[in-house]
Number of protein chains: 2
Amino acid sequence: MAARGPYAKGVAKREEILTAALEVIARQGYRKTSTKELAAAVGLSEAGLLHYFGSKEKLFEAVLRARDEADVDRFEESDLIGKLTAIIRHNSDVPGLVQLYSTFSAEAGDPQHPSHPYFVERYARLRESLADAVRARQSAGTFSPAADPEVIATVLIALSDGLQVQSQFGLPVEPADLLTQVVGLLGSAGGAVDS
Amino acid sequence: MAARGPYAKGVAKREEILTAALEVIARQGYRKTSTKELAAAVGLSEAGLLHYFGSKEKLFEAVLRARDEADVDRFEESDLIGKLTAIIRHNSDVPGLVQLYSTFSAEAGDPQHPSHPYFVERYARLRESLADAVRARQSAGTFSPAADPEVIATVLIALSDGLQVQSQFGLPVEPADLLTQVVGLLGSAGGAVDS
DNA sequence: GTCTATAAAGAGATAGAC
DNA sequence: GTCTATCTCTTTATAGAC
C-alpha cells in the first residue's frame with residue numbers, strides 16, 4: 001500500500017505522527033501531551049508538526065478518524081455488533097487510545113470545541129449503522145423483535161464508552177465480555193428468540 | 001443547617017465556590033475554566049480561591065463529592081437503581097455538571113492524575129451499592145435471579161456515564177428514560193420475574 | 001481570610017528564512 | 001517540507017503584606 005509520487009513522504013509522515021501521538025499520550029497522559037512533545041516524538045519542531053494538522057485538536061481528531069476507518073476493515077467475521085465487541089477488546093491493547101478517546105470526546109462535548117461537530121456526526125452515523133445491525137438480527141430471528149433498534153444502538157454505544165472509562169479505574173470483568181453478556185441479555189428479553 | 005462559630009464564613013464561602021464552579025463551566029466550557037475565572041466568579045483573587053482548595057483539581061473533586069453526597073439524600077422514594085435514574089434525569093438540568101463530570105473523570109483515568117484514587121474508590125463503592133440493590137430486587141422477585149449483580153451494577157454505571165456523554169452530542173431519547181427501559185429489559189431477561 | 005505581586009512555566013500558533 | 005525564532009497569551013501556584 002506504499003503511496004508513490006510527490007506526496008509519498010508527506011503521507012508517511014502524517015501516519016507516523018498519528019501513531020506517535022498515541023505513544024506520547026500513553027507515556028505522559030493526555031493532559032500533559034503538548035504539541036511540543038508530539039513534535040519531538042517524530043523529530044520535528046512544533047512548527048513542522050503543525051504544518052500537517054493545523055492544530056492539536058485536528059491532530060487528535062485525525063487519530064480517532066483513522067482508528068474508526070481501520071476498525072471498519074478489521075474483524076470481518078461478524079456484523080457490526082460483533083465488531084464492536086472485538087474493537088473494545090483490542091482497544092485496551094493500545095496504550096493511550098482509551099485515554100485519548102474518552103478525554104477528547106468528553107472535552108468535545110462543549111459545543112464550542114472545534115471537534116464537536118465531528119462527534120455529533122460520528123455518533124449519529126454509528127447509531128444508525130448499529131440500529132441496522134439490530135434490525136438484521138431481528139430479521140434473522142437472533143434478536144428479540146420487541147426491542148427498539150435505535151434504543152439498543154444507543155445503549156450499546158453508551159455501554160462501550162462507559163465501560164472503557166470505567167476500565168481505567170479497575171473493573172472486575174473484561175469490558176468486551178461484559179458487552180457480549182449484555183447483548184445476549186438484551187437480545188433475549190421480551191422473548192421470541194430461538195432457544 | 002446554617003453552620004455557626006468561627007468557621008461559618010469559610011464554610012459558606014466554600015459552598016459558594018462549589019456552586020459558582022458549575023456556573024463558570026457552563027458558561028465557558030470545562031477546557032477554558034481556569035482558576036482565574038473561578039476566582040472572579042466569587043469575587044476572590046486566584047490566591048484567595050486556592051486558599052480554600054489548594055488546587056484546581058481538588059476544587060473540581062470537591063464539586064463532585066458534594067454532588068454525590070447530596071444525591072444520596074435526595075430522591076428518597078425508591079432504591080439505588082431508582083435513584084440513579086432520578087439523578088441522571090436531573091443532571092441535565094444542571095448546566096456544566098455533565099461537562100465537568102465526564103471530562104474530569106476521563107482526565108482522571110490517567111493514573112498520575114491527583115484525583116485518580118478518588119475515582120477508583122468511588123466506582124468501587126458505587127458498584128457495590130448498586131449490586132446490593134440488584135440483590136434486594138432479586139430477593140423481592142422483581143429482578144431476574146439469573147443476572148449477576150456485579151455485572152448489572154457495572155453495566156448500569158457504564159450506561160449512565162456513556163449516556164450522559166452521548167447526550168452532549170444529541171440523542172433521540174432521554175437518557176433517564178433509556179436507563180429505565182434497559183433496567184426493565186435486563187431485569188426480565190432470563191425469565192422468572194412476575195409478570 | 002484576603003490581597004498584591006510575581007514567579008515560573010507552559011501553552012498554541014505564526015512569520016519568515018532556507 | 002522544515003527550521004529558528006519569537007510572540008502572545010494563559011496557566012497554576014507561591015511569598016509575603018495587611
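Numbers restart at 1 for each chain; the letters A, B, ... are given by sequence-line order, proteins then strands.
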Taking atom [atom2] of [N] as reference, at what distance in whole Å does atom [atom1] of [X] sit?
X	N	atom1	atom2	value
Leu59(A)	dA13(C)	CG	C1'	14 Å
Arg14(B)	dG1(C)	CZ	P	11 Å
Phe60(B)	dT12(D)	CZ	C1'	12 Å
Lys56(B)	dT14(D)	NZ	P	15 Å
Phe53(A)	dG1(D)	CZ	P	12 Å
Ile17(B)	dG1(C)	CD1	P	11 Å
Lys13(B)	dC3(C)	NZ	C1'	13 Å
Arg31(A)	dT12(D)	CZ	P	12 Å

Strand-adjacent residues in residues 34-50 of chain A, judged by heavy atoms under 4.0 Å from DNA chain D: Gly43(A), Leu44(A), Ser45(A), Ala47(A)
Criterion side chain to side chain contact (heavy atoms under 4.5 Å, CB included) on Leu163(B) and Thr154(A), from CA distance to verdict: CA-CA 8 Å; Leu163(B) 285 174; Thr154(A) 306; 4.0 Å; yes
Donor-acceptor side-chain pairing of Thr19(B) and Glu16(B) below 3.5 angstrom: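 The answer is no; no qualifying pair exists.
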Donor-acceptor side-chain pairing of Ser115(B) and Glu57(B) below 3.5 angstrom: no
Proximity to DNA chain C (any heavy atom under 4.0 Å), residues of residues 98-109 of chain A only: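 Within residues 98-109 of chain A, no residue comes under 4.0 Å of DNA chain C.
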Strand contacts (DNA chain C) in residues 110-117 of chain A, 4.0 angstrom heavy-atom criterion: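 Nucleic-acid contacts, sorted: none.
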Straight-line distance of Asp132(B) CG to Arg127(B) CZ, nearest 0.5 Å: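 If I round to the nearest 0.5 Å, the distance is 13.0 Å.
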Nearest-0.5 Å distance that lies between atom OG in Ser45(B) and atom CG in Leu49(B): 8.0 Å
Least distance between heavy atoms, Leu38(A) atom then Ala21(A) atom: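 Heavy-atom minimum between the residues: CD1-CA, 3.8 Å.
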Test side chain to side chain contact (heavy atoms under 4.5 Å, CB included) applied to Glu121(B) and Phe169(A), step by step: CA-CA 8 Å; Glu121(B) 195 264 335; Phe169(A) 302 109; over 6 Å; no
Verdict with supporting geometry, Phe60(A) and Thr33(A), side chain to side chain contact (heavy atoms under 4.5 Å, CB included): CA-CA 11 Å; Phe60(A) 286 157; Thr33(A) 296; 4.2 Å; yes
His113(B) and Tyr118(B): CA distance, side-chain angles, deciding distance, ring-ring contact (aromatic ring centres under 6.0 Å, His included) verdict: CA-CA 10 Å; His113(B) 192 285; Tyr118(B) 164 66; over 10 Å; no
Asp68(A) and Arg65(A) ion-paired at < 4.0 Å: no
Heavy-atom neighbours of Glu128(B) CD exceed 12 at 6.0 Å: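 For Glu128(B), atom CD is not crowded (no more than 12 foreign heavy atoms under 6.0 Å).
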